[in-house]
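Here it is: the structure, laid out below.
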Amino acid sequence: MTVSAYLIEGQGRTILVDGGGGGINGWGGRLHASLAAANVNPLAIDQILLTHAHPDHIGGLVGALPSAPQFPNAEIVMHDAEFAFWTDDANLNQAPDPVKPFFHAARTVFEAYGARRRTVSAGQVAPGIEIEHLPGHTPGHSGYRIDGGGASLLIWGDIVHYPDIQVSRPEVTIAFDADPQAAAGTRRKMLERVSATGQLVAGMHLNFPGFARLSKQGQSFEIRHEPWSAELI
C-alpha cells in the first residue's frame, strides 16, 4: 500500500497535508528525507492539514521524543469530529485492543502541538483551500479542495486504500474503516462526483505519483493515474 503526504507552497505559505507514517509499523518514514531533497526546512512549514489521525497519517509529525513536534512552527488543523473521536475516553475504552494504540498515537500528536492545534467543521482553512467532510473511514475524515488559476485539486485522503480494487468496486471496504457502510457510501459519492467533473484528485494511497482522474464505466469507475509532471511540483 502506498503511503503519501502532500506539500503545498504558495502565497507565502508552506503547508503539509498529513505527515506519513514516520516508520511506525513499517509505514512510510521518508517524509523528512523527501522534504530535505526538496530543499524544504521543517521550520518553514506553517500549517499541517490532517485528513484524519490514523498512524500512517500522523506518524511523521512527532519525533523520538513524542512530546516534541517535528514541525514546531506549524498549526495543525483537522475536522472537529476527528479530534472529538480520538480524545473521547469512551471510544478508547470500547476499542478493540489492537486499535487502542491508534488512540494513544493520535493523542500524542494532539498534545505535542498543543495550542497550535485548531479544529474546524467547514470552510476555508487557508486562502484557496477548503475542507470537505468525508466521513466513514473515521468520523472526521476529510479532504481538502484547492482552487486557483481556473483549476481545482481535491486531496481526498483515504477515499480508497487500494485504488485498483476499490475504484471499480467501491463497495469493498477495509478493516480500518470505523463505519464500513458509511465509508463505502462516501466513496461512491466521491467517485460519482469526480468522474462527472473530471476533477484532478490526490490521495494518500493512490499509486505514485499520487494524482489521478476518474471516469465512469457503466455502473463502475475507472482510474487513470496522472504521469509525473513538473507541473505538479
Side-chain angles (χ1 to χ4, degrees), residues 2-24 27-79 82-83 105-120 123-132 140-149 151-158 200-206 208-211 226 228-233:
T2 298
V3 178
S4 300
Y6 293 86
L7 184 74
I8 304 167
E9 294 181 296
Q11 299 187 19
R13 306 294 303 275
T14 305
I15 299 172
L16 189 63
V17 185
D18 284 354
I24 297 174
W27 290 319
R30 294 192 290 257
L31 172 62
H32 296 277
S34 297
L35 289 173
N39 199 30
V40 175
N41 187 327
L43 297 178
I45 293 176
D46 52 33
Q47 193 173 53
I48 299 165
L49 307 179
L50 286 187
T51 62
H52 62 298
H54 275 159
D56 56 326
H57 296 258
I58 62 171
L61 300 182
V62 293
L65 294 175
S67 61
Q70 291 282 61
F71 305 99
N73 295 326
E75 172 195 54
I76 191 168
V77 179
M78 75 197 83
H79 195 277
E82 191 68 7
F83 181 77
R107 293 179 182 201
T108 294
V109 170
F110 298 163
E111 291 168 7
Y113 285 83
R116 299 187 66 83
R117 183 185 66 235
R118 177 164 61 102
T119 65
V120 297
Q124 284 203 351
V125 294
I129 304 177
E130 188 162 336
I131 190 170
E132 293 198 21
H141 177 258
S142 298
Y144 294 92
R145 193 184 73 248
I146 306 167
D147 297 314
S152 179
L153 167 71
L154 175 64
I155 302 177
W156 69 7
D158 283 12
L200 183 66
V201 298
M204 283 60 189
H205 303 301
L206 293 182
F208 184 83
F211 297 86
E226 292 283 293
W228 180 257
S229 169
E231 294 180 359
L232 298 176
I233 299 176

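Note that the numbering runs from 1 along the sequence shown for the chain. None of these values were measured; they are calculated from a predicted model.
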Is it the case that the side chain of H32 and the backbone of G22 share a donor-acceptor pair, with hydrogens and angles ignored and the cut-off at 3.5 Å? no
Can you check whether L31 reaches L16 side chain to side chain, under 4.5 Å on heavy atoms? yes
Which residue, V3, T2, T51, forms the side-chain contact (heavy atoms from CB on, under 4.5 Å) with M204? T51
Sequence-distant partners of R118, salt bridge (charged side-chain N to carboxylate O under 4.0 Å, His left out), two or more places apart: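 So R118 forms a salt bridge (charged side-chain N to carboxylate O under 4.0 Å, His left out) with E75.
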Side chain to side chain contact (heavy atoms under 4.5 Å, CB included) with S152: which residues, sequence neighbours excluded?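 If we apply the side chain to side chain contact (heavy atoms under 4.5 Å, CB included) test to S152, skipping adjacent residues, the hits are R145, D147, Q199.
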Using every non-hydrogen atom in the two residues, find where Y144 and M78 come nearest and quote the distance to one decimal.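 Scanning both residues completely, I find the closest heavy atoms to be OH-CA, 4.1 Å.
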Does L206 reach the side chain of W156, with side-chain heavy atoms less than 4.5 Å apart? yes
Can you tell me how far apart CD1 (I146) and CG (L49) are? Round to the nearest 0.5 Å.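 Result: 8.0 Å between the selected atoms.
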Count the heavy atoms of every other residue, nucleotide or ligand shown that sit under 6.0 Å from CD of Q124, and state whether that count exceeds 12.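 Counting other residues, nucleotides and ligands, CD of Q124 exceeds 12 neighbours.
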Contacts of type side-chain hydrogen bond (donor to acceptor under 3.5 Å, both in side chains), residue H54, not counting sequence neighbours: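 Residues passing side-chain hydrogen bond (donor to acceptor under 3.5 Å, both in side chains) with H54: H52, H137.
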Tell me the closest heavy-atom pair linking A112 and V62, and the distance in Å.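 Looks like CB-CG1, 3.7 Å.
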For the student: nearest non-hydrogen atoms of Y113 and A74, plus distance: CD2-O, 3.8 Å
Minimum heavy-atom distance E111-R117, with the two atoms named: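 Closest approach of E111 to R117, heavy atoms only: N-NH1, 4.4 Å.
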Are any non-hydrogen side-chain atoms of E82 and L50 less than 4.5 angstrom apart?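 No, side chains not in contact.
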Just list the side-chain donor-acceptor pairs under 3.5 Å for residues 33-42, sequence neighbours left out, or say none.
residue: S34; atom: OG; partner: R30; partner atom: O; Å: 2.8
residue: N41; atom: OD1; partner: L43; partner atom: N; Å: 2.8

Sequence neighbours excluded - salt bridge (charged side-chain N to carboxylate O under 4.0 Å, His left out) pairs with any residue from residues 41-62: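 Every salt bridge (charged side-chain N to carboxylate O under 4.0 Å, His left out) pair that includes a residue of residues 41-62, provided the two are not neighbours, is R13-D46.
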Return the CZ to CZ distance between F83 and R107, rounded to the nearest 0.5 Å.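 F83 CZ to R107 CZ: 9.0 Å, rounded to 0.5 Å.
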Measuring from I48:CD1 to T14:OG1, what's the distance to the nearest 0.5 Å?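 If we round to the nearest 0.5 Å, I48:CD1 and T14:OG1 are 11.5 Å apart.
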Shortest non-hydrogen separation from Q70 to G63 and the atoms involved: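 Looking at all heavy atoms of both residues, the shortest contact is CG-N, 3.7 Å.
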Please list, chain by chain and in numerical order, all residues satisfying ring-ring contact (aromatic ring centres under 6.0 Å, His included) with Y6, sequence neighbours excluded.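 Listed in chain order: F211.
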To the closest 0.5 Å, what do you measure between CD1 (I45) and CD (E9)?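 Atom-to-atom, I45:CD1 and E9:CD are 8.5 Å apart.
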Spacing of I8 atom CD1 and I129 atom CD1 [to the nearest 0.5 Å]: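 I8 atom CD1 to I129 atom CD1 measures 4.0 Å (nearest 0.5 Å).
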